[in-house]
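Residue numbers start at 1 and run along the sequence shown.
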Amino acid sequence: MTEHDFKKFAKLSPFELKDNLIAIASSDAQRLMLNAGRGNPNFLATLPRWAFLSLGDFALREAERSYSYLDSGFGGLPEHDGIVRRFDAYATSHRQTDGVRFLRSAISYVKDQLGLDQDAFLFEMVSAFLGCTYPTPPRMLSHTEEIVKAYLAQEMFGPIPPKGSFSVFATEGGTAAMTYIFQSLRSNCLINPGDKIAIATPIFSPYLEIPVLDDYQLEIVDIRMDRLADWQFPISEINKLLDPAIKVFCLVNPSNPPSTKMSDAALEHLATLVTQQRPDLIIVTDDVYGTFADNFVSIFAKCPYNTLCVYSFSKFFGATGWRLGVIAIHDDNVFDAALGNLPENQKTLLDKRYASLTTKPRALRFIDRMVADSRAVALNHTAGLSVPQQLQMALFALNGLMDREHRYKDAAKQLIRQRYQTLYGHMGVEAAYEPNDVDYYSLIDLQEIGGTLYGPEFKAWFIKSDLGISFLFRLAQETGVVLLPGNGFEVVDTSARVSLANLTEFEYAAIGKFTRQVLDECHADFKNRAVVK
């Protein structure tokens, strides 16, 4: 393929471009393809999965108790009364298994630390494994919600005590959460075509792609991070939010793909601006990578009234296939206040929209409207994440809560940070670590690395030649390495996103070496063109 052929792919979403790169990278059967384009981790949490299996064994025994007089293969609903006592008897003969030990600890933990009834908790978990009843309540199972709330408070609030209570909606991963949020904001007239939405860039590309769809037709205002300041927000960029025409501010923190958390100073400035000057601003923060950061504090903790928090269990627990996400909103919030301030004609239309759910539709909270909207309102009674998924979510959250020494978290952070050093070391450049770096992803700044290695003239030529997309295709074609283009995430510089979660350290060494190889070839092209001139 020629450079002209490469450039025709420039407007594709990075995740669609990836498929073209994979096809080229895998075309040589004699070569190993290295796909670092997508952030699916190659590590996972085993203890909560062992607990899921152990609970399944116990749950099926509970089901068989109901109809034990019938032929094998027939069971019934579990019985609430005495379920912990029966589990204790079960655990006595299985006490050496990791899953049973985890469950015994969990049953003790939810009583002592969360104040939950042990029998009610275990009954909910057993029923969830069996999947024998509809999700009730539809928004989230009651004990699972309390567990996830405690986990979010631990991971998102840092040293800040929660102000008031918040509610949680379990969703099919973070991507479903994004879908439901935009859908309900539009359906409830909190955003309308032509409104301004501020987006912290660079960012996960769907946040750029959804607002401009015909369904929304929003005007995007960039709140741009500064690459030269470790991808932090200049005060001047945050101050753009003073524009009262901006209805919503979306950010991913820690960022994707720069993979840095907001500095304490930037977070404080944002919180002060919102609290004192933009109390009407809606903030949507996607904090999926917060568990990989040191001393993380979310804007959800700093601005509880204004902020909706999205969290996914997929990355930290290695559970992308489980599709486990949540939306959290404080009970006293800007969303419900904005609903109350809508013009009467819009309130009347929304009364009709939700009339089948309640005799007082105006009292229906925004978070419960999202649940209904997720099922076209009419199917609200069958809404909700499947209960086996909610069970695994609860076990993941309990794993995080009960790991007092942070063994799993420290191992995960150490793993990806070592891969970061390996990647850049094999490119022949220094990889300095900054305090706010997370390193789940890295943006390989091709023009800056090229300038460091070969000088400013090469850097200027590389930028002028617009070699970003062609570099990625060349890398895939010649070496079998797949990376994603930075410009698909609204990165200004010529760069490539590499996930540091999904391959081995040996393979990241190879990616670093091959990236340097193609940069060397670009430098050779630069010198040859200079000679021709």
For this session: Taking salt bridge (Lys or Arg N to Asp or Glu O under 4.0 Å) as the test, write out the residues that go with Glu457, two or more places apart.
Result: none

Exercise. Can you find a heavy atom in the side chain of Leu21 that is under 4.5 Å from one in the side chain of Val481?
Worked result: no

For this session: Fit a plane to each ring of Phe335 and Phe366, take the angle between them on a 0 to 90° scale, and name the class: parallel (under 30°), tilted (30 to 60°) or perpendicular (over 60°).
Result: parallel

Problem set entry | Distance (rounded to the nearest 0.5 Å) between Asn40 CG and Asn35 CG | 10.0 Å

Problem set entry | Minimum heavy-atom distance between Ser499 and Asn502, given as atom pair plus value | OG-OD1, 3.3 Å

Exercise. How far apart are the C-alpha atoms of Phe169 and Ile329, what are their side-chain angles, what is the distance that settles it, and do they pass the side-chain contact (heavy atoms from CB on, under 4.5 Å) test?
Worked result: CA-CA 9 Å; Phe169 171 24; Ile329 305 179; over 6 Å; no

For this session: Could you tell me whether the side chains of Glu155 and Thr291 share a donor-acceptor contact shorter than 3.5 Å?
Result: no

For this session: Measure across Leu443 and Tyr424 and return the closest heavy-atom pair with its distance rounded to 0.1 Å.
Result: O-OH, 3.3 Å

Exercise. Say you draw a straight line from CD1 of Ile181 to CD1 of Ile327; how long is it, rounded to the nearest 0.5 Å?
Worked result: 4.0 Å

Problem set entry | Non-hydrogen side-chain atoms of Val248 and Cys250 separated by less than 4.5 Å | yes

For this session: Identify, with sequence neighbours excluded, every residue that meets side-chain hydrogen bond (donor to acceptor under 3.5 Å, both in side chains) alongside Asn239.
Result: His269

Exercise. Going by atom types only, do Thr504 and Arg419 share a side-chain donor-acceptor pair under 3.5 Å?
Worked result: no

Exercise. Taking side chain as C-beta onward, heavy atoms only, is Val110 less than 4.5 Å from Leu398?
Worked result: yes

Exercise. Would you say Tyr180 and Thr171 make side-chain contact, with heavy atoms under 4.5 Å?
Worked result: yes

Exercise. Where do Ile511 and Ala36 come nearest, in terms of heavy atoms and distance?
Worked result: CD1-CB, 3.8 Å

Exercise. For Asp264, does the CG atom sit with more than 12 other heavy atoms under 6.0 Å from it, leaving out its own atoms?
Worked result: no

Exercise. Ring centroid separation for Trp461 and Tyr454, is it under 6.0 angstrom?
Worked result: no

Problem set entry | Worked verdict on Leu324 versus Gln392 for side-chain contact (heavy atoms from CB on, under 4.5 Å) | CA-CA 9 Å; Leu324 305 178; Gln392 186 66 85; 4.3 Å; yes

Exercise. Any donor-acceptor pair under 3.5 Å linking the side chain of Arg278 with the backbone of Asp243?
Worked result: yes

For this session: For Arg38 and Arg497, work out which heavy atoms get closest and say how close.
Result: CA-NH2, 3.8 Å

Problem set entry | Arg474/Asp525 salt bridge by N-O under 4.0 Å criterion | yes

Problem set entry | N/O donor-acceptor pair under 3.5 Å between Gln421 side chain and Ala431 backbone | yes

For this session: Report the distance from atom CE of Met156 to atom CG of Asn253, rounding to the nearest 0.5 Å.
Result: 9.0 Å

For this session: Let me know which of Val429, Leu503, Ile444 forms a side-chain contact (heavy atoms from CB on, under 4.5 Å) with Leu423.
Result: Ile444

For this session: Go through the steps for Phe300 and His330 under the test ring-ring contact (aromatic ring centres under 6.0 Å, His included), then give the verdict.
Result: CA-CA 9 Å; Phe300 184 61; His330 283 81; 4.4 Å; yes

Exercise. Is Arg323 reaching over with its side chain to a backbone N or O of Leu385, donor-acceptor style, under 3.5 angstrom?
Worked result: no

Problem set entry | Donor-acceptor contact below 3.5 Å, side chain Ser259 vs main chain Tyr440 | yes

Exercise. Between the side chains of Gln447 and Thr494, does any donor sit under 3.5 Å from an acceptor?
Worked result: yes

For this session: May I ask you to decide if Leu467's main-chain N or O and Ser470's side chain share a donor-acceptor pair within less than 3.5 Å?
Result: yes

Problem set entry | Pairs touching residues 288-314 that satisfy salt bridge (charged side-chain N to carboxylate O under 4.0 Å, His left out), sequence neighbours left out | Glu268-Lys302, Asp294-Lys413, Asp294-Arg417

For this session: Test side-chain contact (heavy atoms from CB on, under 4.5 Å) on Leu500 and Leu415 and set out the steps.
Result: CA-CA 9 Å; Leu500 294 167; Leu415 189 69; over 6 Å; no

Exercise. Counting N and O atoms only, with roles assigned by atom type, does the side chain of Asn306 sit under 3.5 Å from a partner on the main chain of Pro279, one being a donor and the other an acceptor?
Worked result: yes

Exercise. Do Tyr508 and Val498 have side-chain heavy atoms sitting under 4.5 Å apart?
Worked result: yes

Exercise. Going by the angle between their ring planes, with limits at 30° and 60°, are Phe233 and Phe249 parallel, tilted or perpendicular?
Worked result: perpendicular

Seminar exercise, completed: Contacts of Asp403 meeting salt bridge (Lys or Arg N to Asp or Glu O under 4.0 Å) (sequence neighbours excluded), chain-then-number -> none

Exercise. Mind checking whether Pro485 and Leu472 have side chains closer than 4.5 Å, heavy atoms only?
Worked result: yes

Exercise. Between Lys247 and Glu219, is there a side-chain N and carboxylate O pair less than 4.0 Å apart?
Worked result: no

Problem set entry | No-hydrogen, no-angle side-chain donor-acceptor test under 3.5 Å, Asp445 and Ser495 | no

Problem set entry | Mutual orientation of the aromatic rings belonging to Phe204 and Tyr207 [parallel < 30°, tilted 30-60°, perpendicular > 60°] | perpendicular

For this session: Compare all side-chain heavy atoms of Leu218 with those of Val212 and state whether any distance is below 4.5 angstrom.
Result: no

For this session: Give, for atom CD1 of Ile283 and atom CG of Leu270, the distance between the pair rounded to the nearest 0.5 Å.
Result: 5.0 Å

Exercise. What are the two closest heavy atoms between Pro162 and Ala153, and how far apart are they?
Worked result: CG-CB, 4.3 Å

Seminar exercise, completed: Rounded to the nearest 0.5 angstrom, the CG-CD1 distance for Leu395 and Ile147 is 8.0 Å

Exercise. Above 12 or not: heavy atoms from other molecules or residues under 6.0 Å from OH of Tyr433?
Worked result: yes

For this session: Please identify each residue that fulfils salt bridge (Lys or Arg N to Asp or Glu O under 4.0 Å) with Lys240, with sequence neighbours left out.
Result: Glu237

Exercise. Where do Val518 and Glu478 land on the side-chain contact (heavy atoms from CB on, under 4.5 Å) test, with the steps shown first?
Worked result: CA-CA 8 Å; Val518 177; Glu478 296 179 14; 4.2 Å; yes

Exercise. Do Tyr311 and Tyr151 get their side chains close enough for a donor-acceptor pair, meaning under 3.5 Å?
Worked result: yes

Exercise. Rounded to the nearest 0.5 Å, how far apart are NZ of Lys513 and OG1 of Thr479?
Worked result: 10.0 Å

For this session: For residues Ala51 and Phe102, report the shortest heavy-atom separation together with the two atoms involved.
Result: CB-CD2, 3.4 Å

Problem set entry | salt bridge (Lys or Arg N to Asp or Glu O under 4.0 Å) against Arg186, all qualifying residues, sequence neighbours excluded | none

Exercise. Can a donor-acceptor pair be found between the side chains of Tyr289 and Tyr441 at a distance below 3.5 Å?
Worked result: yes

Exercise. Would Phe316 and Phe396 count as a ring-ring contact (aromatic ring centres under 6.0 Å, His included) if you check the C-alpha gap in whole Å, the side-chain angles of each, and the deciding distance to 0.1 Å?
Worked result: CA-CA 10 Å; Phe316 188 63; Phe396 283 145; 9.6 Å; no

Problem set entry | Polar contact flag, side-chain donor to acceptor under 3.5 angstrom, Asp437-Tyr420 | no

Exercise. Would you call Phe471 and Leu519 a side-chain contact if the rule is heavy atoms closer than 4.5 Å?
Worked result: yes

